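Below is one structure, written out as structure tokens, with a few remarks after it.
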Amino acid sequence: RRLGSTGFFVGCSSTRRNIRQESLITPATSIDTLVLDFDGTLTNIEEEAEPYVEGFRQGLARELGLSQSEIDTYWNKARDKILRNPENYAWKLEGIPVASATSDPILICYPIADEIFAGVGKTFSEKERRALLGKLFLENRKKMGQAFKEGANDFLSEVYNLFNGRVYIVTNSSTDDIVSKINRLPSDHSLIPVLGGAKKYVVTNSFERLPETINIPRLERPVYLRRQQYSEILDKIMQEQNTEALRMMVVGDIWELDLALPQYLGMHIGLTLNPTTPQYEKNVVANDKKGFISDNLESVYRSLKERV
């Protein structure tokens with residue numbers, strides 16, 4: 001199955017998908033329910049991750065016995081190499097690519113580390129590699145800061161009114177953590193449900209309601225769709241709001257985690273950019289008539305308002 005140049009999926013013979021394809025050439029359906037990702041969508045992930053990235057880099061230098069100047073040189077060289085060809089790098093779990101490795105500043109640390117291992121001639125078994133990267137993650141995850149994007153407080157209030165309360169936040173993070181962060185905003189947003197633990201990165205091979213993979217232009221590897229936990233959360237929202245996929249809008253900052261599944265299901269999608277969003281992710285959203293791209297929350301709101 002492949003995502004064609006017009007933005008939607010082709011090559012699937014099921015009646016269910018053919019109906020969806022036909023719907024994409026009919027007049028646009030207005031949206032009535034909004035699903036927002038949190039980290040990187042409502043927050044400035046680059047700013048939040050700065051302490052984590054610096055701690056990870058210093059920890060890696062310690063583990064490899066590198067000086068400050070050496071780790072800086074190796075790190076910058078590896079990062080530049082990865083960003084020149086982001087389609088060649090993926091964040092993998094159990095050997096399955098689940099997202100672009102350049103999707104955010106935390107994920108890119110892992111391929112950078114792999115490039116540095118090769119550069120210094122250090123070899124690890126997969127078990128040793130996981131243990132080392134896991135150690136660095138645990139050492140530094142609590143250093144993450146908190147920085148909402150400009151206008152986040154007003155944005156949440158405005159979209160809540162725009163959608164008459166039919167707004168959800170769906171996140172991989174824990175519900176309690178996200179609620180705690182939102183409570184620090186000036187306004188009360190307690191009426192917006194937060195659904196945590198979405199596990200958008202977990203692929204369940206036995207979840208046969210969805211095809212195992214699809215392909216998109218400019219990306220040689222397949223994209224894995226069977227994110228069961230995430231799919232079931234989206235189903236729950238549609239049931240609660242008595243709506244359908246064609247009237248749902250999902251906004252997120254990582255296409256493969258946040259938007260690939262909703263896009264396949266026929267939902268509207270919005271991609272919020274970060275400095276290292278790969279071009280193929282931008283293309284797959286821009287080429288979908290039901291997609292939009294934005295680099296700030298004000299323009300996200302304008303795009304949403306046009307579709308309600």
Side-chain angles (χ1 to χ4, degrees), residues 39-41 43-150 172-173 201 218-221 223 253-258 271-283 295-296:
D39 296 301
T41 300
T43 68
N44 184 333
I45 192 66
E46 294 289 323
E47 183 178 338
E48 289 182 319
E50 280 182 10
Y52 174 95
V53 174
E54 183 57 28
F56 188 101
R57 178 159 60 176
Q58 296 303 325
L60 188 62
R62 180 195 67 225
E63 296 292 328
L64 298 177
L66 299 175
S67 68
Q68 183 67 52
S69 62
E70 288 173 329
I71 190 62
D72 288 347
T73 299
Y74 278 116
W75 187 277
N76 293 334
K77 181 180 178 181
R79 188 176 187 276
D80 289 346
K81 177 183 177 182
I82 291 164
L83 291 178
R84 281 196 300 270
N85 296 285
E87 65 277 3
N88 295 337
Y89 299 88
W91 175 35
K92 294 183 179 181
L93 290 177
E94 304 297 328
I96 294 176
V98 296
S100 164
T102 67
S103 296
D104 74 25
I106 295 174
L107 294 184
I108 200 174
C109 289
Y110 304 125
I112 288 175
D114 288 333
E115 289 290 331
I116 293 174
F117 295 156
V120 300
K122 188 73 173 178
T123 57
F124 295 99
S125 68
E126 184 56 30
K127 181 179 180 180
E128 291 170 333
R129 175 187 174 277
R130 283 201 305 268
L132 175 55
L133 296 180
K135 177 183 178 181
L136 294 175
F137 171 77
L138 293 173
E139 280 182 4
N140 295 291
R141 66 175 177 175
K142 293 182 179 179
K143 298 177 183 178
M144 289 282 291
Q146 180 179 330
F148 281 98
K149 287 184 176 178
E150 182 178 357
N172 292 326
S173 301
Y201 51 85
R218 294 188 60 180
L219 185 64
E220 292 186 4
R221 66 173 175 82
V223 173
D253 66 309
I254 301 177
W255 174 77
E256 200 161 348
L257 290 182
D258 302 318
L271 177 65
T272 60
L273 303 179
N274 65 58
T276 57
T277 301
Q279 187 61 44
Y280 67 82
E281 291 202 350
K282 298 176 188 178
N283 292 347
D295 59 4
N296 63 76

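Just so you know, residue 1 is the first one in the sequence shown, and it goes up from there. These numbers come from a predicted model, not from an experiment.
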For the residue pair Ala113 and Leu133, what are the closest heavy atoms and their distance? CB-CD2, 3.8 Å
Give every residue pair that meets the salt bridge (Lys or Arg N to Asp or Glu O under 4.0 Å) criterion with at least one member in residues 102-129, sequence neighbours excluded. Lys81-Glu115, Asp114-Arg129, Glu126-Arg129, Glu126-Arg130
Taking atom CD of Glu63 as the centre, report whether more than 12 heavy atoms of other residues, nucleotides or ligands fall under 6.0 Å from it. yes
Got a second to check how far Gln146's CD is from Glu47's CD, nearest 0.5 Å? 10.5 Å
Atom pair CG/CG of Asp253 and Leu271 - distance to nearest 0.5 Å: 7.5 Å
Between Asn140 and Gln58, is there a side-chain heavy-atom distance shorter than 4.5 Å? no
Drop me the distance from Ile112's CD1 to Leu60's CG, to the nearest 0.5 angstrom. 9.5 Å
Flag for Glu48-Asn44: side-chain donor and acceptor within less than 3.5 Å: no
pair Glu70-Leu64: side-chain heavy atoms closer than 4.5 Å: no
Where Lys143 and Gly55 come nearest, the two heavy atoms and their spacing: NZ-CA, 3.8 Å
Are there over 12 heavy-atom neighbours, none belonging to Glu220, within less than 6.0 Å of that residue's CD? no
Does anything in residues 69-92 pair up under ring pair (Phe, Tyr, Trp, His ring centres under 6.0 Å), and if so which pairs, sequence neighbours excluded? Trp91-Tyr201
Looking at side-chain heavy atoms only, is the closest gap between Met144 and Ile106 below 4.5 Å? yes
Side chain to side chain, Glu256 and Tyr280, heavy atoms closer than 4.5 Å: yes
Can a donor-acceptor pair be found, under 3.5 Å and without considering hydrogens, that links the side chain of Thr73 to the backbone of Ser69? yes
Please tell me if the side chains of Ser100 and Ile254 come closer than 4.5 Å, counting only heavy atoms from C-beta onward. no
Pairs satisfying salt bridge (Lys or Arg N to Asp or Glu O under 4.0 Å), at least one member in residues 271-283, at least two apart: none
Please find the pair of heavy atoms, one from Cys109 and one from Val53, that lie closest to each other, and give the distance. SG-CG2, 4.1 Å
Do Ile116 and Ile71 come within less than 4.5 Å of each other through their side chains, counting heavy atoms only? yes
Can you tell me how far apart CZ (Phe56) and NZ (Lys135) are? Round to the nearest 0.5 Å. 12.0 Å
Min side-chain heavy-atom separation Ile82-Thr276 under 4.5 Å: no
Output yes when a side-chain donor or acceptor of Lys149 lies under 3.5 Å from a complementary backbone atom of Ile45, and no otherwise. no
Kindly indicate whether the side chain of Ser103, heavy atoms from C-beta on, has any atom under 4.5 Å from the side chain of Leu257. no
